[in-house]
Amino acid sequence: MKLSNFINGEWQEGEATYTAVLNPANGEQLAEVRMSTKEDVDRAVKAAVNAQKKWALVPAPKRADYLYEIGRLMKERKEHLAQVLTKEMGKIIEEGRGEVQEGIDMAFYMAGEGRRLFGETTPSELADKFAMSVRAPIGVVGLITPWNFPVAIATWKSFPAIVAGNAFIWKPATETPMMAYEMAKIFQEVGLPPGVANVVFGSGSEVGTAMIEHEDVKVISFTGSTDTGSKVAELGGKHLKKVSLEMGGKNAVIVMEDADLNLAVEGILWSAFGTAGQRCTACSRVIVHKDVKKELETMLLERMEKLTIGDGMDESVKVGPVINKNALEKIHSYVQIGKEEGANLVVGGEILDNGDLAKGNYYAPTLFSNVKPDMRIAQEEIFGPVVSLIEVDSLEEAIEVNNGVKFGLSSSIFSRDVNKIFRAQRDLDTGIVYVNAGTTGAEIHLPFGGTKGTGNGHRDSGVAALDVYTEWKSIYIDYSGKLQRAQIDTE
Ligand code: NAD
């Protein structure tokens with residue numbers, strides 16, 4: 001199967017370079033994807049500019065009707081989409097279904113916004129004058145997404161963008177283009193006006209750069225690594241774009257001495273090894289009170305040894321592959337760094353290549369203990385199934401360790417003490433805080449994003465996402481029939 005761009009409601013034809021899409025579970029080729037050029041981006045932007053002018057005039061509740069239809073088709077195809085997702089990305093099928101569900105939820109939720117998109121009305125300081133603010137669409141927006149959530153993140157961005165009256169160009173990650181292709185088919189089937197939704201495949205350096213540099217693309221919404229995000233911000237700044245960035249994490253679960261340890265272990269396993277540790281919200285640090293450190297470590301080890309590893313299409317598997325060979329090497333190099341830094345490797349720390357596993361990219365769930373907060377394995381994003389256990393003496397120290405990294409996406413605390421919980425939710429410097437749950441599990445009607453090196457103040461999903469894709473317009477209607485000067489004619 002050859003995946004081509006979806007531009008102006010049509011599948012782009014003609015000569016192009018293609019690259020293979022591989023199943024990370026077994027190395028099999030799933031498809032070939034077009035590596036687009038700057039000219040392809042220009043074509044998509046031109047289509048989007050034309051379409052957006054008319055789209056902005058369609059009443060928002062009517063725009064929302066398309067989203068209801070998109071949500072309905074996604075629901076109808078949920079199992080098919082989940083299987084495509086698991087094959088191209090590797091996450092276990094249960095999580096694949098969960099991710100598709102997130103997209104469905106986002107479709108219905110944002111469709112509801114079509115009948116809200118609230119602005120404000122407020123009294124004017126002058127007589128016979130009316131004042132209000134409304135959300136106005138911005139124009140053409142560029143969406144750049146990572147491979148670890150091939151569909152959910154795109155729905156967090158594209159659905160608010162279109163309900164607000166924008167047109168979009170979506171560049172998915174080259175590793176995971178198949179979900180974007182499936183979504184493009186859905187956009188076509190629901191009859192979205194040509195040019196409102198465009199998908200352009202290709203590399204970040206060619207397609208991403210062309211989108212950021214294009215003068216008709218007014219907003220860039222990016223999710224990916226902090227290194228790439230800062231390049232996007234730099235180039236976007238030069239071209240005076242509105243740039244929304246969601247980037248890396250180094251998320252921690254805090255386990256206090258009064259925690260339900262069984263529950264904490266469940267939360268850690270799910271957050272650290274789900275998606276093979278490749279969620280932006282993955283738990284890669286466990287900050288544990290010294291009184292329960294030994295017990296927690298023993299309990300974790302026991303459970304980790306029972307985790308089944310393999311192809312995510314097998315319903316009994318709990319940990320799937322990582323995305324590619326580069327990721328495997330990066331993870332393994334961090335394990336070597338951890339050992340050299342003096343951390344104690346409790347379990348794991350190896351590339352798995354026995355039997356069928358040799359065909360895919362599998363890394364053993366790994367636990368380090370005696371990790372110091374300033375070690376590189378406790379500071380840098382490894383993006384694999386590797387967890388560091390860090391011992392602390394108090395809640396204050398736990399919070400300090402949690403906050404002592406350059407990222408600020410998600411954090412979690414396990415405790416039964418209401419005072420500790422309330423202090424922690426106030427002082428943990430992350431965009432998301434969980435209490436008595438792991439670091440993952442965001443719901444789409446709340447804002448998603450992080451502080452410090454994780455973001456630049458914007459949020460995906462929730463009503464907050466609308467702030468990325470709208471301009472505030474303030475409107476004053478003077479019906480006094482005379483010139484009234486604000487701040488001057490005050491009598
Ligand atoms: P990445 O930064 O390598 O790539 C992300 C996207 O940017 C891809 O589509 C890529 O092609 C594109 N890109 C690459 N170079 C570019 C450039 N110079 N200009 C424009 N676009 C460019 O990230 P990845 O490896 O795909 O994803 C993993 C990273 O994403 C992790 O760091 C993870 O924490 C982060 N992430 C963050 C969130 C969040 O909401 N905070 C969610 C998911 C993933």
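For clarity, every value in this text was computed on a predicted model and none was experimentally measured. Quick note: numbers below take in every heavy atom, side chains included, and nothing from hydrogens, waters or symmetry partners. We count ligands from 1, going down the list as the structure has it; atoms in each ligand are counted the same way.
Here Val232 has side-chain heavy atoms under 4.0 Å from ligand 1, and that is the only part of it that gets that close. Residue contacts with ligand 1 for Phe222 involve side-chain atoms from C-beta outward but no N, CA, C or O (heavy atoms, distance under 4.0 Å). Residue-level proximity to ligand 1 for Asp460 is absent, since no heavy atom of it falls below 4.0 angstrom. Of all the heavy atoms of Glu381, the ones lying under 4.0 Å from any atom of ligand 1 belong exclusively to the side chain. Neither the backbone nor the side chain of Thr174 has any atom closer than 4.0 Å to an atom of ligand 1 (non-hydrogen atoms only).
The distance from the CG atom of Leu357 to the CG atom of Asn26 is 11.0 Å, given to the nearest 0.5 Å. Remark: Ile351 CD1 to Leu328 CG distance equals 4.0 Å, nearest 0.5 Å.
Regarding atom 40 (O) of ligand 1, its nearest protein heavy-atom neighbour is Phe448 CE2, 3.0 Å. Closest to atom 10 (C) of ligand 1, if we only count protein heavy atoms, is Lys171 NZ, 3.9 Å. Of the protein's non-hydrogen atoms, the one nearest atom 27 (O) of ligand 1 is Pro146 CB, 3.3 Å. Of the protein's non-hydrogen atoms, the one nearest atom 41 (N) of ligand 1 is Met247 O, 2.7 Å. From the protein, the heavy atom lying nearest to atom 5 (C) of ligand 1 is Thr223 O, 3.6 Å. The closest protein non-hydrogen atom to atom 24 (P) of ligand 1 is Trp147 NE1, 3.4 Å. In terms of protein heavy-atom proximity, atom 16 (C) of ligand 1 is nearest to Thr228 CG2, 3.4 Å. In terms of protein heavy-atom proximity, atom 28 (C) of ligand 1 is nearest to Phe383 CE2, 3.6 Å.
No side-chain donor from either of Gln336 and Glu340 sits under 3.5 Å from a side-chain acceptor of the other.
Distances below 4.0 Å separate heavy atoms of Ile153 from the following atoms of ligand 1: 42 (C), 43 (C). The contact set between ligand 1 and Ser225, taken as ligand atoms under 4.0 Å from a residue heavy atom, comprises 1 (P), 2 (O), 23 (O), 29 (C), 30 (O), 32 (O). Taking every heavy atom of Thr145 and a limit of under 4.0 angstrom, the matching atoms of ligand 1 come to 6 (C), 8 (C), 9 (O). For ligand 1 and Ile144, the ligand atoms under 4.0 Å from any heavy atom of the residue are 6 (C), 7 (O), 9 (O), 12 (C), 20 (C), 21 (N). Shown in contact with Asn148 at under 4.0 Å from a heavy atom are these atoms of ligand 1, numbered in order with element: 43 (C), 44 (C).
If you look at Tyr109 and Trp156, their ring centroids are not closer than 6.0 Å. Two rings, from Phe187 and Trp170, have their centers 6.0 Å or more apart.
No more than 12 heavy-atom neighbours from other residues, nucleotides or ligands sit within 6.0 angstrom of CZ on Arg43. Summarising the local packing, CD of Glu400 is surrounded by 12 or fewer heavy atoms from other residues, nucleotides or ligands at distances under 6.0 Å. Other residues, nucleotides and ligands contribute over 12 non-hydrogen atoms within 6.0 Å of the NZ atom of Lys325. Counting heavy-atom neighbours within 6.0 Å of Glu13 CD, excluding the residue itself, gives a total of 12 or less.
Looking only at side-chain heavy atoms (C-beta outward), Lys157 and Thr223 come within less than 4.5 Å of each other. Residues Ser4 and Tyr18 are in side-chain contact: their nearest non-hydrogen atoms beyond the backbone lie under 4.5 Å apart.
A pairwise comparison of heavy atoms in Gln101 and Lys78 identifies OE1-NZ, 3.0 Å as the closest pair.
Ranked by closest heavy atom to atom 13 (N) of ligand 1, the top entry among Gly204, Gly449, Pro177 is Gly204.
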